[in-house]
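To find a chain, count down the sequence lines: A is the first, B the second, and so on, and within it residues start at 1.
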2 protein chains.
Amino acid sequence: MSSMKDTIKSIAIELFFKKGYFATSISEIAKGSGIQKASIYYHYRSKEDLLFSILKATMDDLTRYLKNNLAGLDDIESKIRVAVHGHVRFHLERQKENFIANSELRGLTSEHYRAIVEKRDEYERIFQDLIRQGREEGIFADVDVKILSYAILTLCTAGASWFNPGGRLTVDEIADIYEKFILNGLKQACEASAPSRCGAKGMAICKA
Amino acid sequence: MSSMKDTIKSIAIELFFKKGYFATSISEIAKGSGIQKASIYYHYRSKEDLLFSILKATMDDLTRYLKNNLAGLDDIESKIRVAVHGHVRFHLERQKENFIANSELRGLTSEHYRAIVEKRDEYERIFQDLIRQGREEGIFADVDVKILSYAILTLCTAGASWFNPGGRLTVDEIADIYEKFILNGLKQACEASAPSRCGAKGMAICKA
DNA sequence: GTCTATATAACGATAGAC
DNA sequence: GTCTATCGTTATATAGAC
């Protein structure tokens with residue numbers, strides 16, 4: 001189960017998360033894995049190959065997780081709720097890998113970079129389609145699909161940078177807060193483009 | 001005006017943004033500045049000192065900008081609108097510095113790290129106070145202040161990672177979209193915690 | 001204030017024994 | 001599959017001339 005190849009990978013995830021890819025040396029990864037640095041190269045052809053291996057697995061798992069969660073759901077609102085909730089869950093539960101996947105793309109060769117960005121784009125497209133459909137069906141306001149899809153995804157992803165696993169709130173509680181915040185943002189009950197156009201008084205009509 | 005010290009700084013901002021702090025060498029910064037690498041050390045005592053100098057100036061300007069924008073405003077809703085709008089503006093207009101300020105903190109010595117985090121905390125506290133006041137005055141829903149302040153700030157900050165200065169939308173247009181999205185998220189017209197509890201039908205009451 | 005030259009250390013990666 | 005030994009390169013930073 002826990003082969004040396006997997007051990008190296010998990011040590012690398014810890015270090016890349018904590019210190020960053022460029023600031024982490026092969027020596028440190030070897031030390032953490034309990035072997036000599038030359039032995040790393042039996043399992044991975046280069047440091048970059050190790051990084052790519054981490055990012056590829058993370059992106060593949062992320063997309064598979066989303067597709068599984070969406071399967072069987074019919075209405076758009078449920079779909080986008082589940083998509084947002086699952087995105088937050090995945091990013092908080094696999095915090096370190098996801099943090100790396102969103103901050104260390106510059107460490108990849110150009111071919112590997114393209115491969116990862118392509119996977120990310122595929123994932124983003126699913127979200128954009130959901131928002132677009134929700135808008136067309138009148139569930140969401142007339143929002144800018146592209147900007148808001150980026151906003152929503154980066155918002156949820158950013159959670160991985162400050163999330164504290166032993167903290168005050170559980171993963172699902174945080175996911176609920178995000179889901180609520182985002183759905184209300186998408187529905188845009190208030191026009192809100194000019195100050196005070198949608199004040200506390202007007203809102204009382206909508207509340208509970 | 002454009003002293004060599006400033007030139008070095010602006011070249012460093014370009015390179016740290018494009019390649020990352022650790023992946024950028026003093027040689028490259030010197031080459032971009034048109035001098036020899038040893039000459040860098042006349043202006044900055046170390047590479048880390050150069051990074052700190054960039055981050056400190058950015059954080060100081062950010063907080064000063066916020067305080068200036070808030071001065072003279074009375075009602076909380078206007079204040080939070082202006083705070084969000086300004087945060088987005090600042091991050092998009094000084095995209096590179098802000099990107100560095102949010103991704104390269106690990107490159108700092110521990111003393112410098114503490115100094116920057118302290119500035120960031122002070123800035124965050126202003127936002128948290130605004131959300132808290134808005135909640136107490138009944139303008140916003142009964143939201144989790146801490147989580148939502150992080151969410152809002154990271155959301156707006158993330159814009160600096162995908163923003164394209166020559167793209168489809170202007171800085172102010174994007175800031176408007178964010179402002180609207182966030183204000184609606186904070187007001188939470190819909191309870192939204194369980195799927196379909198706040199469907200399209202219920203929303204029709206709130207719309208325009 | 002910028003230069004040439006260099007000290008010193010660490011890096012990623014390879015060769016070849018076992 | 002892991003080891004020791006090492007190659008070749010690059011890094012940050014300093015010394016001292018101009």
| request: Give a yes or no on whether a salt bridge exists between B:Arg125 and B:Asp129, defined as a side-chain N under 4.0 angstrom from a carboxylate O. | output: no
| field | Rounded interatomic separation in angstrom, taking CE from B:Met4 and C1' from C:dT2 | value | 9 Å
| Whole Å only: how far is the CD atom of A:Glu48 from the C1' atom of C:dC11? | 16 Å
| message | What contact category does B:Ser39 fall into here, base, sugar-phosphate, or nothing, at under 4.0 angstrom with non-hydrogen atoms? | response | base
| Does A:Arg106 pair with A:Glu48 as a salt bridge, N-O distance under 4.0 Å? | no
| task | Would you kindly give the CG-to-C1' distance between B:Leu15 and D:dT12, to the nearest whole Å? | result | 16 Å
| request: Just say parallel, tilted or perpendicular for the rings of A:Phe99 and A:Phe17, cut-offs at 30° and 60°. | output: perpendicular
| task | Please state how far atom NZ in B:Lys47 lies from atom P in D:dT10, giving the value in whole angstrom units. | result | 15 Å
| message | Taking the minimum atom-to-atom distance to the side chain of B:Gln36, which one of D:dT12, D:dC3, C:dC3 wins? | response | C:dC3
| said: Can you identify which nucleotide, out of C:dC3, C:dA13, D:dA11, has its nearest atom closest to the B:Ala38 side chain? | reply: C:dC3
| query | What integer distance in Å separates A:Ile35:CD1 from C:dC18:P? | reply | 21 Å
| query | B:Leu50 CG to D:dT12 C1': how many Å, rounded? | reply | 13 Å
| field | Parallel, tilted or perpendicular, as decided by the 30° and 60° cut-offs, for the rings of A:His87 and A:Phe127 | value | perpendicular
| request: Please state how far atom CZ in A:Phe22 lies from atom P in D:dT10, giving the value in whole angstrom units. | output: 15 Å
| query | Does a salt bridge link A:Glu122 with A:Lys67, judged by any charged N lying under 4.0 Å from a carboxylate O? | reply | yes
| field | Short side-chain N/O contact to C:dT2 OP1/OP2 from B:Tyr42, under 4.0 Å | value | no
| note | Axis-to-axis angle for the helix from C:dG1-D:dC18 to C:dC18-D:dG1, ends of five pairs each, to 10°, equals 0°
| message | If the condition is ring pair (Phe, Tyr, Trp, His ring centres under 6.0 Å), which residues does B:Tyr42 pass it with, not counting sequence neighbours? | response | none
| Which of the following nucleotides, C:dT14, C:dC3, D:dC3, is nearest to the side chain of A:Tyr41? | C:dT14
| Would you call the rings of B:Tyr65 and B:Phe90 parallel, tilted or perpendicular if under 30° counts as parallel and over 60° as perpendicular? | tilted
| note | Between NZ of B:Lys37 and P of C:dT2 the distance, given in whole Å, is 17 Å
| task | Have a look at B:Thr24 and say if it touches a base, only the backbone sugar-phosphate, or nothing, with a 4.0 Å heavy-atom cut-off. | result | sugar-phosphate
